[in-house]
A.B. asks: 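One structure is given below, represented as structure tokens, and several questions about it will come after.
Read the numbers this way: they start at 1 and go in the same order the structure lists the ligands and their atoms.
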Amino acid sequence: MPVAVDGFRHHPDHLDPAAQQALVRTVLTLAGEAPFSRYVMPGSGRPFSIDMTNAGPLGWVADRSGYRYAPAHPGTGRPWPPIPEALLALWRTLTGYRADPECCLINLYHGAGARLGLHRDEDEQTFDAPILNLSLGDTAVFRLGGPRRGDPTRSFAVTSGTAMVFGGLSRVCYHGIDRILPGSSRLVPGGGRINLTLRRVTPA
Ligand code: MD6
Ligand code: FE
């Protein structure tokens, strides 16, 4: 365990290579229905360096007016596709939470400039459920801090097939992706990293 924060669990190699391949295919099929978008940040309007889409009744979206959860894809206007059964099964096993997730945010990192700044996930109406994080493809350098922005942080490598659970205190800790290591995996067609985060948005 590279980092000891209350409620944080790190399971490298939780998904075997066949399960990883199946999940990538599932995600790419889903992205056929709900295409990846390059959101912009509220205020500045600066684009993120990663592409995002969602599955589930509520999807996380960002635009100039803010961050929020929305029931439909902002480009197509259609509801997000359902969260695939394989992901619901992982959620139930790994979190033991009493209700299913409402959002699976899908992040696609491609190339040396893809990163995600230090942030806390705080657009949800409840923080009592953990967040389940699954990584596929290129290795990421993940940074995890504490509940305050100024708290010390540590970074560690997250490899393909890793599952991480952010419960307890870790649910409200700052975190981000410093960079990915392009070419470290051949799992994602064309290269890159796919990250899935499953969340509750409303109280169960
Ligand atoms: C990523 N993850 O791994 C970005 N958020 O690509 C997150 O931002 C994240 O890993 C909430 C909880 C766990 C996470
Ligand atoms: Fe996050």
A.B. asks: Hey, does the Lys NZ or Arg CZ of Arg193 hover above the aromatic six-ring of Tyr109, less than 6.0 Å from the centre and inside 45° of the axis?
C.D. replies: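 The answer is yes; both the distance and angle limits are met.
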A.B. asks: Any idea which atoms of ligand 1 are less than 4.0 Å away from a heavy-atom of His119?
C.D. replies: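 Checking each atom against His119, I get 8 (O).
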A.B. asks: Pull out every atom of ligand 1 sitting under 4.0 Å from any heavy atom of Phe142, numbered as shown with elements.
C.D. replies: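 Selected atoms, number and element: 3 (O), 10 (O).
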A.B. asks: Identify, for atom 12 (C) of ligand 1, the protein heavy atom at the shortest distance, and state residue, atom and that distance.
C.D. replies: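 In this structure, atom 12 (C) of ligand 1 has Ile131 CG2, 3.4 Å as its nearest protein heavy atom.
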A.B. asks: In plain terms, say whether Arg171 and Asp6 are close enough for a salt bridge, that is, a side-chain N and a carboxylate O under 4.0 Å apart.
C.D. replies: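 Result for this pair is no, no salt bridge flagged.
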A.B. asks: Using a strict cut-off of 4.0 Å, indicate which atoms of ligand 1 neighbour a heavy atom of Asp121.
C.D. replies: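 Reading through ligand 1 atom by atom, the close ones are 5 (N), 11 (C).
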A.B. asks: Applying side chain to side chain contact (heavy atoms under 4.5 Å, CB included) between Val141 and each of Leu181, Val158, Ile180, report the one that passes.
C.D. replies: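 Among Leu181, Val158, Ile180, the one that satisfies the side chain to side chain contact (heavy atoms under 4.5 Å, CB included) with Val141 is Leu181.
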A.B. asks: List every atom of ligand 1 that sits less than 4.0 Å from any heavy atom of Thr197, numbering the atoms from 1 in the order shown and giving each element.
C.D. replies: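 Every atom of ligand 1 under 4.0 Å from some heavy atom of Thr197: 9 (C), 14 (C).
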A.B. asks: Below 4.0 Å from any atom of ligand 1, is there a heavy atom belonging to Met164?
C.D. replies: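 Heavy atoms of Met164 never come under 4.0 Å of ligand 1.
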A.B. asks: Hey, are the side chains of Pro35 and Thr53 touching, using non-hydrogen atoms and a 4.5 Å cut-off?
C.D. replies: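 Answer no - side chains too far apart.
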A.B. asks: Would you mind listing which atoms of ligand 1 come within a distance below 4.0 Å of any non-hydrogen atom of Leu116?
C.D. replies: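 Matching atoms, with element in brackets: 4 (C), 8 (O).
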A.B. asks: From Arg38 CZ over to Phe48 CZ, what is the distance, rounded to the nearest 0.5 angstrom?
C.D. replies: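 So the gap between those two atoms works out to 10.5 Å.
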A.B. asks: Do the charged groups of Glu124 and Arg199 touch, with an N to O distance under 4.0 Å?
C.D. replies: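 Yes, charged N to carboxylate O under 4.0 Å.
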A.B. asks: So which of the N, O or S atoms of Asp121 lies nearest the Fe ion (ligand 2)?
C.D. replies: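 Minimum-distance N/O/S atom of Asp121 relative to the Fe ion (ligand 2) is OD1.
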A.B. asks: Could a heavy atom of Arg193 be found less than 4.0 Å from some atom of ligand 1?
C.D. replies: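 Arg193: in contact with ligand 1 (<4.0 Å).
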A.B. asks: Evaluate whether atom CZ of Arg143 has more than 12 neighbouring non-hydrogen atoms of other residues, nucleotides or ligands under 6.0 angstrom away.
C.D. replies: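 Counting neighbours around CZ of Arg143, more than 12 heavy atoms of other residues, nucleotides or ligands fall under 6.0 Å, so yes.
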A.B. asks: Nearest to atom 14 (C) of ligand 1, what protein heavy atom do you find, and at what distance?
C.D. replies: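 Nearest protein contact, heavy atoms only, for atom 14 (C) of ligand 1 is Asn133 ND2, 3.3 Å.
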A.B. asks: What residue among Thr197, Val27, Leu198 forms side chain to side chain contact (heavy atoms under 4.5 Å, CB included) with Cys104?
C.D. replies: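 The residue from Thr197, Val27, Leu198 that satisfies side chain to side chain contact (heavy atoms under 4.5 Å, CB included) with Cys104 turns out to be Leu198.
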A.B. asks: At the Fe ion (ligand 2), what angle lies between atom NE2 of His175 and atom NE2 of His119, rounded to 10 degrees?
C.D. replies: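 So the angle at the metal works out to 90°.
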A.B. asks: I need the nearest protein heavy-atom contact for atom 5 (N) of ligand 1: residue, atom name and distance, please.
C.D. replies: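 Ranked first by proximity to atom 5 (N) of ligand 1 is His175 NE2, 2.7 Å.
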A.B. asks: Can you tell me which residue and heavy atom of the protein come closest to atom 6 (O) of ligand 1, and the distance to 0.1 Å?
C.D. replies: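 Heavy-atom neighbour on the protein nearest atom 6 (O) of ligand 1: Tyr109 OH, 2.4 Å.
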A.B. asks: For the atom pair CG (Leu23) and CG (Leu136), what is the distance rounded to the nearest 0.5 Å?
C.D. replies: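 CG of Leu136 is found 5.5 Å from CG of Leu23.
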